There are 2 protein chains.
Amino acid sequence: MTRRGSYAKGLAKREEILDAALEVVAREGYRGTSVREISAASGLSQAGLMHHFASKDELFTEILRRRDEIDMALIASDPDIRALEAFPLAIKHNTEVPGLVHLYVCFSAEATAPQHVARAFFIERFARLQELLVEDIRARQATGELPVGLNAQSAAGSLIAMADGLQTQWLLNPNIDMAAHVIETISSWRKHD
Amino acid sequence: MTRRGSYAKGLAKREEILDAALEVVAREGYRGTSVREISAASGLSQAGLMHHFASKDELFTEILRRRDEIDMALIASDPDIRALEAFPLAIKHNTEVPGLVHLYVCFSAEATAPQHVARAFFIERFARLQELLVEDIRARQATGELPVGLNAQSAAGSLIAMADGLQTQWLLNPNIDMAAHVIETISSWRKHD
DNA sequence: GTCTATATTCAGATAGAC
DNA sequence: GTCTATCTGAATATAGAC
């Protein structure tokens, strides 16, 4: 599968770079992070790094894509963990990586610009995440766990929005319990008409 | 009050710069906006602009502070408009100024960095906004309009978070009705235990 | 795949004249 | 209060050797 090891090595180096990038962002903040610093932290020159990622934006996009894959694997791994359980779990896990959270809030905000290269990534990401939550909500409506009067699309969108907004508040005040807010909101759905 | 007109003129120029800055951000996006471009749009040189604002970050902070003041004036002006009414109204109004929304989501995200000059501004802003909503929620609990079982602090924080998160989603997909989501959530509070 | 070296562009800030 | 001119520094990206 790995062609004479070089492919696997290239992948390993990519992972190393992504990890180093997170470290630097956590230390310096999103704005203060240059590709040069990331390359230094990965034991590479800047040009060496640019061999693996075409641009800084692509590098950051890949970091967030990888996080999503890890979070998705969480849902897939355990049949007892469905979207509405996995969502607050992922949020709780984020608490351990404030640098990643900072990267996410900054980059997703910037990416809303019409010409931004990561715009499509976030549009698709939001759609997929919402779809996942909507499916789980509908399944629970079918079993009677959640009331059918609840608008699944709207509730899912609101929940995602809340989780995103909480990240900014949490970065400003780490006493805020993001997961608790989200869990409380999901619980409140049960009281819906 | 205005000392021989020069003070008033200085203020007018400041306003002009803030308006021009919004235009440029709306056109170029937050990231692509330089002080030079803003100064050009205000009919000033860069140095001329820097006479009014010590730094780019201060300029952006002032734009957002001014918006808040306008929104606050809305609540104060009409006794029938209390915080829970004013909040979705302000959100609806934001729909007309996507550039300002983009500036807000980007700048508030960046400002969460520990050393950022606008960090204190946003910490205070969130606290004030939450306080305003909490007061109104409690008042409505006292009249029986909202159930006393509702945690006012938590509900207010969640509502603000949702509104912030919705702005990112709306910038990616303008079909989303931010105000409707917020109003729906406030309505759902009435069904709380 | 990684390096050195550099191209290119552009940023925010300041000095000092008017 | 505003200008011209410039400083100073940084960023991303690329060319080409090894």
Side-chain angles (χ1 to χ4, degrees), chain A residues 2-21 24-25 27-63 103 106-107 110-111 113 115-119, chain B residues 2-21 24-25 27-63 103 106-107 110-111 113 115-119:
Chain A
T2 61
R3 299 186 209 169
R4 295 198 313 280
S6 67
Y7 178 59
K9 194 190 166 195
L11 272 190
K13 196 66 200 176
R14 263 178 75 104
E15 294 289 305
E16 226 180 294
I17 293 168
L18 295 173
D19 285 337
V24 179
V25 170
R27 201 172 55 236
E28 311 282 338
Y30 172 73
R31 196 184 201 165
T33 296
S34 65
V35 175
R36 261 189 178 79
E37 280 172 292
I38 296 170
S39 64
S42 350
L44 280 177
S45 69
Q46 193 212 344
L49 189 151
M50 297 303 268
H51 174 76
H52 297 275
F53 299 94
S55 71
K56 187 187 185 181
D57 284 342
E58 194 200 289
L59 167 59
F60 285 153
T61 307
E62 285 311 305
I63 291 177
L103 171 62
C106 291
F107 200 61
E110 274 187 1
Q115 73 286 10
H116 199 285
V117 294
R119 184 179 160 94
Chain B
T2 61
R3 300 186 207 168
R4 295 195 313 281
S6 67
Y7 178 59
K9 193 190 165 196
L11 272 190
K13 196 68 203 175
R14 264 179 73 103
E15 294 289 304
E16 227 180 293
I17 294 168
L18 295 174
D19 285 338
V24 179
V25 170
R27 200 173 56 237
E28 313 280 338
Y30 172 73
R31 196 183 204 166
T33 297
S34 65
V35 175
R36 265 187 176 80
E37 281 173 291
I38 296 170
S39 64
S42 353
L44 281 176
S45 69
Q46 194 211 343
L49 189 152
M50 297 304 267
H51 174 76
H52 298 274
F53 300 94
S55 70
K56 187 186 184 180
D57 284 342
E58 194 200 289
L59 166 59
F60 284 152
T61 307
E62 286 310 306
I63 291 176
L103 171 62
C106 290
F107 200 61
E110 273 187 3
Q115 74 285 8
H116 199 284
V117 295
R119 184 179 160 93

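Fair warning: this is a prediction, and the values are worked out from it, not measured in the lab. Quick note on labels: first sequence line is chain A, next is B, and so on, each numbered from 1.
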**Student:** Treat primed atoms plus P, OP1 and OP2 as sugar-phosphate and everything else as base, then score nucleotides 13-18 of chain D 5' to 3': B for base contact with protein heavy atoms under 4.0 Å, S for sugar-phosphate contact only, - for none.
**Tutor:** BBB---

**Student:** B/Glu28: which residues meet the side-chain hydrogen bond (donor to acceptor under 3.5 Å, both in side chains) condition with it, sequence neighbours left out?
**Tutor:**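 Counting only residues at least two positions away or on another chain, B/Glu28 forms no side-chain hydrogen bond (donor to acceptor under 3.5 Å, both in side chains).
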
**Student:** Can you list the residues that meet the side-chain contact (heavy atoms from CB on, under 4.5 Å) rule with A/Ser45, with sequence neighbours excluded?
**Tutor:**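 Listed in chain order: A/Ala47.
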
**Student:** Please state how far atom NE2 in B/His52 lies from atom C1' in C/dT14, giving the value in whole angstrom units.
**Tutor:**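 My rounded result for the distance is 16 Å.
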
**Student:** Give one of base, sugar-phosphate or nothing for B/Leu44, where a contact means two heavy atoms less than 4.0 Å apart.
**Tutor:**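 Counting heavy atoms under 4.0 Å across all strands, the contact made by B/Leu44 is with sugar-phosphate only.
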
**Student:** How bent is the helix from C/dG1-D/dC18 to C/dC18-D/dG1, comparing axes over its five end pairs at each side, to the nearest 10°?
**Tutor:**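 Inter-axis angle at the ends, rounded: 10°.
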
**Student:** Taking CD from B/Glu28 and C1' from C/dA11, how many angstroms apart are they, rounded to a whole number?
**Tutor:**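 Atom-to-atom, B/Glu28 to C/dA11, this comes out as 15 Å.
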
**Student:** OP1, OP2 of D/dC3 versus side-chain N and O of B/His51: anything below 4.0 Å?
**Tutor:**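 It does not, given that no N or O in the side chain of B/His51 lies less than 4.0 Å from OP1 or OP2 of D/dC3.
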
**Student:** Of all residues at least two apart in sequence or in a different chain, which pass the ring pair (Phe, Tyr, Trp, His ring centres under 6.0 Å) check with A/Tyr30?
**Tutor:**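 If we apply the ring pair (Phe, Tyr, Trp, His ring centres under 6.0 Å) test to A/Tyr30, skipping adjacent residues, the hits are A/Phe60.
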
**Student:** To the closest 0.5 Å, what do you measure between CZ (A/Arg14) and CG (A/Leu49)?
**Tutor:**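 These two atoms lie 10.5 Å from each other.
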
**Student:** Taking the side chain as every heavy atom from C-beta outward, state whether A/Leu44 and A/Ile38 have any atom pair closer than 4.5 Å.
**Tutor:**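 Counting from C-beta outward, A/Leu44 and A/Ile38 never come under 4.5 Å.
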
**Student:** Using OP1 and OP2 only, check whether a side-chain N or O of B/Ser34 sits under 4.0 Å from C/dA11.
**Tutor:**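 So the side chain of B/Ser34 is within the cut-off, an N or O lying under 4.0 Å from OP1 or OP2 of C/dA11.
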
**Student:** Between C1' on C/dA13 and CG on B/Leu59, what's the gap in Å once rounded to a whole number?
**Tutor:**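 After rounding, the gap between these two atoms is 14 Å.
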
**Student:** For A/Glu15, give me all partners under side-chain hydrogen bond (donor to acceptor under 3.5 Å, both in side chains), at least two apart in sequence or on another chain.
**Tutor:**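 A/Glu15: side-chain hydrogen bond (donor to acceptor under 3.5 Å, both in side chains) contacts with A/Arg66.
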
**Student:** Rounding to a whole Å, what distance do you find between A/Phe60:CZ and D/dA11:P?
**Tutor:**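 One finds 12 Å between P of D/dA11 and CZ of A/Phe60, rounded.
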
**Student:** Taking only residues two or more places apart in sequence, or in another chain, which ones meet B/Arg31 in a side-chain hydrogen bond (donor to acceptor under 3.5 Å, both in side chains)?
**Tutor:**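 With neighbours one apart ignored, the set is A/Asp57, A/Glu110, A/His116.
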
**Student:** Provide the full list of ring pair (Phe, Tyr, Trp, His ring centres under 6.0 Å) pairs with a residue in residues 38-59 of chain A, sequence neighbours left out, each pair given once.
**Tutor:**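 Non-adjacent pairs meeting ring pair (Phe, Tyr, Trp, His ring centres under 6.0 Å): zero.
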
**Student:** Among residues at least two apart in sequence or on other chains, which ones pass side-chain hydrogen bond (donor to acceptor under 3.5 Å, both in side chains) with B/Ser55?
**Tutor:**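 Expected list: none.
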
**Student:** Considering every strand and a 4.0 Å limit on heavy-atom distances, what is the contact class for B/Gly32: base, sugar-phosphate, or nothing?
**Tutor:**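 Counting heavy atoms under 4.0 Å across all strands, no contact is made by B/Gly32.
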
